[in-house]
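The next block holds one structure in the form of structure tokens; read it before the comments.
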Amino acid sequence: MSSTTGKCLCGQISVSVTQEALGATDKIVVCHCKNCRQNNGSLSAVDIITPESSAKITGQPKIYEDTNTDSGKPMPRAFCGNCGSPIYRTSPSFPGMLIIKLGLFDEIPKPATEVYCKRRPTWVKAIDGAKQFDTMPK
């Protein structure tokens with residue numbers, strides 16, 4: 001099965017995702033929550049939610065256990081210990097899935113969903129055609 005590979009800034013960690021997973025555009029999500037903004041040092045996070053079996057991580061990311069979450073459940077966040085690039089996270093809301101940072105890849109598919117829109121800056125427009133949620137949908 002064909003895959004696409006992305007890398008952290010220093011190249012010590014790479015992530016390969018199957019073309020099939022990347023083609024599931026309904027799994028491409030922009031998150032505007034405070035934690036994702038802080039973790040990415042940006043306005044939002046652009047992620048793909050994919051089964052662990054559809055991704056391969058090469059290298060050894062460090063894990064930060066994010067406990068300051070809206071759900072109150074810890075959320076492990078993986079990052080490169082050398083350059084600091086965020087790599088992926090997991091969530092109890094999505095068992096067996098990885099939430100991979102699409103900024104690692106050369107091409108980023110258009111997101112189908114935006115979450116935590118209530119935290120999106122007022123000067124940032126909604127993505128045309130993307131589903132909009134004020135929090136994380138259940």
Side-chain angles (χ1 to χ4, degrees):
M1 185 174 292
S2 180
S3 64
T4 298
T5 300
K7 295 182 179 184
C8 67
L9 188 59
C10 71
Q12 288 187 4
I13 298 176
S14 63
V15 180
S16 295
V17 178
T18 64
Q19 286 297 112
E20 181 181 19
L22 281 172
T25 55
D26 62 317
K27 302 297 184 193
I28 311 292
V29 178
V30 173
C31 183
H32 299 283
C33 80
K34 183 179 179 193
N35 293 43
C36 282
R37 287 195 331 254
Q38 288 178 312
N39 180 249
N40 286 280
S42 185
L43 287 172
S44 59
V46 182
D47 303 326
I48 182 170
I49 303 170
T50 190
E52 290 177 6
S53 61
S54 295
K56 180 182 177 191
I57 312 291
T58 304
Q60 190 61 46
K62 291 192 171 191
I63 304 293
Y64 169 70
E65 196 74 21
D66 185 354
T67 56
N68 186 26
T69 62
D70 281 355
S71 68
K73 298 175 185 172
M75 189 172 300
R77 293 179 181 270
F79 64 97
C80 176
N82 187 55
C83 68
S85 295
I87 308 297
Y88 69 88
R89 67 181 173 89
T90 59
S91 170
S93 300
F94 301 102
M97 307 292 269
L98 291 177
I99 304 164
I100 298 172
K101 303 298 176 186
L102 284 175
L104 302 168
F105 298 85
D106 289 341
E107 293 188 31
I108 301 172
K110 182 180 175 183
T113 304
E114 290 186 84
V115 297
Y116 284 93
C117 294
K118 69 181 182 180
R119 298 190 183 267
R120 178 177 51 216
T122 56
W123 49 269
V124 174
K125 292 185 171 111
I127 296 170
D128 287 339
K131 295 176 188 168
Q132 306 288 308
F133 296 94
D134 280 342
T135 60
M136 181 63 72
K138 306 268 183 223

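FYI, side chains are in, hydrogens and waters are out, and symmetry mates aren't considered; it's all heavy atoms of this structure.
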Is there a path of hydrophobic side-chain contacts, each under 4.5 Å between heavy atoms, that joins [X] and [Y]?
X	Y	value
Ile108	Ile127	yes
Ile99	Tyr116	yes
Phe133	Val30	no
Leu104	Leu102	yes
Met75	Leu98	no

Only pairs at least two apart or in different chains count here, so list each side-chain hydrogen bond (donor to acceptor under 3.5 Å, both in side chains) that has a residue in [range].
range	answer
residues 73-96	Asp66-Arg77
residues 13-31	Thr4-Gln19, Thr5-Ser16
residues 124-133	Glu114-Gln132, Arg120-Gln132

Do [X] and [Y] come within less than 4.5 Å of each other through their side chains, counting heavy atoms only?
X	Y	value
Phe105	Ile48	no
Val115	Pro137	yes
Leu22	Thr50	no
Thr135	Asp70	no

For Phe79, what are the other residues in its hydrophobic cluster, where any two members join if their side-chain heavy atoms are less than 4.5 angstrom apart?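 Phe79 shares its hydrophobic cluster with Tyr64.
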ask   = Who else is in Trp123's hydrophobic cluster (ILVMFWY, side-chain heavy atoms under 4.5 Å, direct or via others)?
value =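 Trp123 clusters with Leu43, Val124.
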Please check if the number of heavy atoms outside Leu9 that lie under 6.0 Å from its CG is greater than 12.
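12 or below, so no.
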Non-hydrogen atoms of [X] and [Y] that approach each other most closely:
X	Y	result
Pro61	Ile13	CA-CD1, 3.5 Å
Ala78	Ile63	CB-CD1, 3.6 Å
Asn39	Pro86	OD1-CB, 3.5 Å
Ala130	Pro111	CB-O, 3.9 Å
Asn35	Asn68	ND2-O, 2.8 Å

- Output every pair passing salt bridge (charged side-chain N to carboxylate O under 4.0 Å, His left out) with a member in residues 96-105, not counting sequence neighbours, ordered by first then second residue.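 Qualifying pairs, neighbours excluded: Asp47-Lys101.
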Next on the checklist: Suppose the criterion is salt bridge (charged side-chain N to carboxylate O under 4.0 Å, His left out): which pairs have a residue in residues 5-16, not counting sequence neighbours?
Outcome noted: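 Non-adjacent pairs meeting salt bridge (charged side-chain N to carboxylate O under 4.0 Å, His left out): zero.
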**Study point:** For Asp134, side chain to side chain donor-acceptor pair (under 3.5 Å) partners two or more places apart
**Key:**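 Side chain to side chain donor-acceptor pair (under 3.5 Å) check on Asp134 returns nothing, list empty.
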Please determine whether side-chain contact (heavy atoms from CB on, under 4.5 Å) holds for the pair Lys110 and Ile28, giving the CA-CA distance in whole Å, both sets of side-chain angles, and the decisive distance to 0.1 Å. CA-CA 7 Å; Lys110 182 180 175 183; Ile28 311 292; over 6 Å; no
Original post:
Glu107: what forms a side-chain contact (heavy atoms from CB on, under 4.5 Å) with it, not counting sequence neighbours?
Top reply: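 None.
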Go through the structure and list residues passing side-chain contact (heavy atoms from CB on, under 4.5 Å) with Pro95, not counting sequence neighbours.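 Per chain and number, Pro95 pairs via side-chain contact (heavy atoms from CB on, under 4.5 Å) with no residue.
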Side-chain polar contacts of residues 51-60 - donor-acceptor pairs under 3.5 angstrom, sequence neighbours left out - could you list them?
none

>> Can you list everything that forms a salt bridge (Lys or Arg N to Asp or Glu O under 4.0 Å) with Arg37? Sequence neighbours excluded, please.
In response: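 Expected list: none.
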